Amino acid sequence: MEHLNFSQKRLAPRLSFRGALLATALSASLILPAFAPSGPALAQGQVSGQNLTQQTQQQAVQALPSLSPIIQKVMPAVVNVSVAMKGDAVVSGDDEDSGPDAGPDAGPNFPPSPFDQLLKRFFEQQGRGMPQRPQVGKRVALGSGFIIDPQGYVVTNNHVVGEAGGTVTVIFQDDSKHPAKIIGRDGKTDLALLKIDTNKPLPYVTWGDSDAAKVGDWILAIGNPFGLGGTVTTGIISARGRDIHAGPFDDFLQLDAAINRGNSGGPTFDQQGQVIGINTAIYSPNGGSVGIGFAIPSNLAKNVVAQLREHGKVDRGWLGVQIQQMTPEIASSFGLPSDRGALVADVTPNSPAARAGVKQGDVIVKFNGHDIDKLHDLPRLVADTAINSTVDVTVWRNGKNEELQTNVGQMPNDKPQVASEDQDQQPAAPEKSSALGLQLGQLDSVTRKQLGLKGETKGVVVTQVAPDSPAAELGVQPGDVIVAINQQVVTSPREAAQRLKQAQQKGDKHLLLLLNRHGVNQYIGLNVG
């Protein structure tokens with residue numbers, strides 16, 4: 001959500017959905033040397049920005065294409081999105097803001113900051129004073145969006161719309177305002193679709209091919225930073241396929257165009273004026289743009305938006321596996337030549353994966369003909385697969401590849417339930433043991449309740465970790481439950497300690513531990529060599 005205030009908690013550099021500082025555009029002179037043509041007038045080895053002749057500088061300026069034709073074409077379809085909610089509304093993505101918000105038509109309203117005088121002068125030059133604080137009990141937030149259909153369908157971010165069902169208004173470049181209806185929203189990709197009523201065709205933009213976009217390609221972003229209205233910034237695609245841990249389907253384009261508070265939901269255009277991304281997040285140590293922004297690729301957004309338009313929600317494929325990232329230590333424990341693939345940490349009972357024979361400890365290396373190189377490759381591929389279709393899955397098991405076939409189910413929305421107290425027996429006599437710097441205890445009903453674990457969770461609980469142990473270096477914590485060691489289930493602290501000691505005595509370089517932390521299984525490769 002794009003709240004226009006500066007009262008943010010100061011944290012370490014983080015991913016922020018609300019950039020907040022004024023950004024100074026780079027001077028065009030900084031990029032002239034990159035476009036300056038070489039010639040006999042410039043001796044080899046002596047070319048520099050300072051040595052460019054006036055004629056060469058003029059040639060370089062003339063060589064730079066103007067973006068004005070593209071901007072004039074697409075600007076009318078880029079809109080501002082204003083959301084008014086009650087004062088006690090919870091705003092998605094805004095847990096770090098704690099100050100007054102700007103009114104629906106106002107620019108930024110900030111608590112005292114070094115920028116107050118600058119902003120005051122800006123609004124005075126615009127013929128209006130600094131915006132006043134809104135009335136108590138009313139919250140207004142501003143973001144961006146763009147029209148994808150002449151009938152009035154508008155794409156924006158889910159976190160711009162918020163979670164409380166407020167009044168949404170779409171504001172055009174001519175300042176005309178139109179009430180909007182939320183057609184659908186998808187939190188997993190942070191996308192929302194709005195609809196405004198119109199009696200005439202509206203200007204709109206078209207989707208581009210984000211898969212064809214390359215690192216180094218020029219792009220431009222248009223949005224509503226600071227609530228100032230339509231603002232254009234330019235830059236390049238800095239990277240592709242960024243996973244910023246914002247959701248299970250992260251595949252962001254990284255941009256260096258200035259993206260600030262209020263840009264969320266706005267479009268990223270390629271040089272043909274087509275939308276190849278939706279601006280969503282920035283990486284920032286101070287809340288403002290530092291040249292690292294992230295946009296949802298258009299090829300991911302197109303399918304989501306189409307489903308929101310048709311059904312008001314998104315149906316995704318589902319296997320029913322909990323997966324984790326491979327590491328060199330884990331790969332070595334499994335005898336894999338590389339650490340590619342997705343390691344199955346758990347399989348949901350009676351899920352499509354369970355019925356197909358996928359087991360805990362399998363490494364999925366191929367799905368439906370696609371190699372799984374990175375962990376987040378698999379969730380996106382499964383989600384995009386047609387529900388009830390049958391696909392081939394290749395897993396690494398017992399030192400070799402095995403071919404399986406599985407149906408793809410529909411992703412459920414249910415959350416796992418924690419076992420109640422009466423689902424387990426009374427605790428047995430406590431048993432403790434230790435090995436490799438780990439103090440181990442019995443997992444009983446009382447401990448399960450304290451840790452929030454299901455009744456069927458088995459294993460031994462870690463009660464203490466030596467600070468200088470290999471387990472501590474890998475992040476093993478008190479409260480973790482060791483379920484299995486080298487793929488063998490352990491049921492008592494003594495048994496677990498014996499297996500750890502035996503592995504160390506045999507000179508094993510790596511141990512494979514299956515841990516359960518707060519109800520979630522994960523493997524770790526413990527280096528004891």
Side-chain angles (χ1 to χ4, degrees), residues 243 245 248 319-349 351 353-354 357-367 372-379 382 393-402 404 416 435-438 440 443 451 453-454 456-462 465 469-491 495-497 499-500 502-504 506 508-529:
D243 181 1
H245 307 293
L319 280 185
V321 293
Q322 176 190 311
I323 59 174
Q324 69 173 82
Q325 185 70 50
M326 291 288 292
T327 67
E329 293 79 13
I330 294 176
S332 176
S333 299
F334 281 107
L336 273 166
S338 68
D339 58 357
R340 73 181 189 89
L343 174 58
V344 178
D346 204 0
V347 181
T348 302
S351 64
V358 178
K359 298 179 179 180
Q360 185 180 68
D362 286 346
V363 181
I364 299 177
V365 295
K366 183 175 288 189
F367 177 84
I372 308 299
D373 293 320
K374 299 178 181 178
L375 174 70
H376 64 267
D377 290 343
L378 184 62
V382 174
V393 179
T394 303
V395 302
W396 178 268
R397 179 188 298 170
N398 298 327
K400 62 180 181 179
N401 285 332
E402 291 198 18
L404 304 173
L436 297 180
L438 296 174
L440 307 173
L443 182 63
L451 298 177
L453 300 175
K454 295 180 179 180
E456 62 267 23
T457 303
K458 306 296 181 183
V460 298
V461 64
V462 177
V465 183
S469 65
E473 294 180 0
L474 287 174
V476 178
Q477 305 170 5
D480 288 344
V481 175
I482 299 178
V483 179
I485 300 173
N486 283 342
Q487 298 289 75
Q488 294 182 330
V489 175
V490 293
T491 57
E495 177 189 9
R499 289 190 181 173
L500 292 173
Q502 289 172 358
Q504 187 178 34
K506 291 190 326 185
D508 292 346
K509 291 185 177 180
H510 300 295
L511 283 175
L512 187 67
L513 303 184
L514 176 60
L515 300 182
N516 186 297
R517 177 177 294 170
H518 306 306
V520 178
N521 287 331
Q522 65 179 37
Y523 283 95
I524 67 167
L526 190 62
N527 190 347
V528 296

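The chain is numbered in sequence order, starting from 1. Quick caveat, the model's predicted, so the values are computed rather than measured.
For V460 against A496, the heavy-atom pair with the smallest separation is CG2-CB, 3.8 Å. Across all their heavy atoms, G320 and S351 have their closest contact at O-OG, 3.5 Å. Shown here for V347 and K359, the closest heavy-atom pair between the two residues is CG2-C, 3.9 Å. Closest approach of A331 to S338, counting heavy atoms only: CB-O, 3.5 Å. Closest approach of A342 to L375, counting heavy atoms only: CB-CD1, 4.2 Å. What you find for G361 and L343 is that their closest heavy atoms are O-CD1, 3.8 Å.
A search for side-chain contact (heavy atoms from CB on, under 4.5 Å) contacts involving D377 returns I372, D373, K374, R380, not counting sequence neighbours. When the salt bridge (Lys or Arg N to Asp or Glu O under 4.0 Å) test is applied to D346, no partner is found at least two apart in sequence or on another chain. For R340, the salt bridge (Lys or Arg N to Asp or Glu O under 4.0 Å) test picks out no residue, with sequence neighbours left out. Residues passing the side chain to side chain donor-acceptor pair (under 3.5 Å) test with Q487, sequence neighbours excluded: Y523. Under the rule for a side chain to side chain donor-acceptor pair (under 3.5 Å), the partners of T394 that lie at least two apart in sequence or sit in another chain are E403. Partners of S469 under the side chain to side chain donor-acceptor pair (under 3.5 Å) rule, at least two apart in sequence or in another chain, do not exist in this structure. The side-chain contact (heavy atoms from CB on, under 4.5 Å) check on S332 picks up H510, with sequence neighbours excluded. Under the side-chain contact (heavy atoms from CB on, under 4.5 Å) criterion, V395 pairs with D362, I364, V393, R397, E402, L404, sequence neighbours left out.
Between atom CD1 of residue I323 and atom CG of residue L319 there is a gap of 9.0 Å, rounded to the nearest 0.5 Å. We find the CD-OG1 distance between Q322 and T348 to be 8.0 Å, quoted to the nearest 0.5 Å. With values rounded to the nearest 0.5 angstrom, Q324 atom CD is found 5.0 Å from I330 atom CD1. Between the CZ atom of F334 and the CG atom of N486 there is a distance of 9.5 Å, given to the nearest 0.5 Å.
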Between V462 and L438, is a side-chain contact (heavy atoms from CB on, under 4.5 Å) present by the stated rule, with each step listed?
CA-CA 7 Å; V462 177; L438 296 174; 4.2 Å; yes

Give the intermediate values and the outcome of side-chain contact (heavy atoms from CB on, under 4.5 Å) for residues N516 and Q522.
CA-CA 6 Å; N516 186 297; Q522 65 179 37; over 6 Å; no

Between Q360 and N521, is the side-chain contact (heavy atoms from CB on, under 4.5 Å) condition met? List the steps.
CA-CA 10 Å; Q360 185 180 68; N521 287 331; 3.4 Å; yes

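Between L513 and L500, the closest side-chain pair of non-hydrogen atoms falls below 4.5 Å. Side-chain atoms of L512 and I485, non-hydrogen and from C-beta on, never get closer than 4.5 Å to each other.
No hydrogens or angles considered: nothing links the side chains of S333 and E329 as a donor-acceptor pair under 3.5 Å.
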Only pairs under 3.5 Å count here: list side-chain donor-acceptor contacts from residues 470-483, not counting sequence neighbours, and write none if there are none.
residue	atom	partner	partner atom	Å
D480	OD1	R517	NE	2.7
D480	OD2	Q477	N	2.8
D480	OD2	R517	NH2	2.7

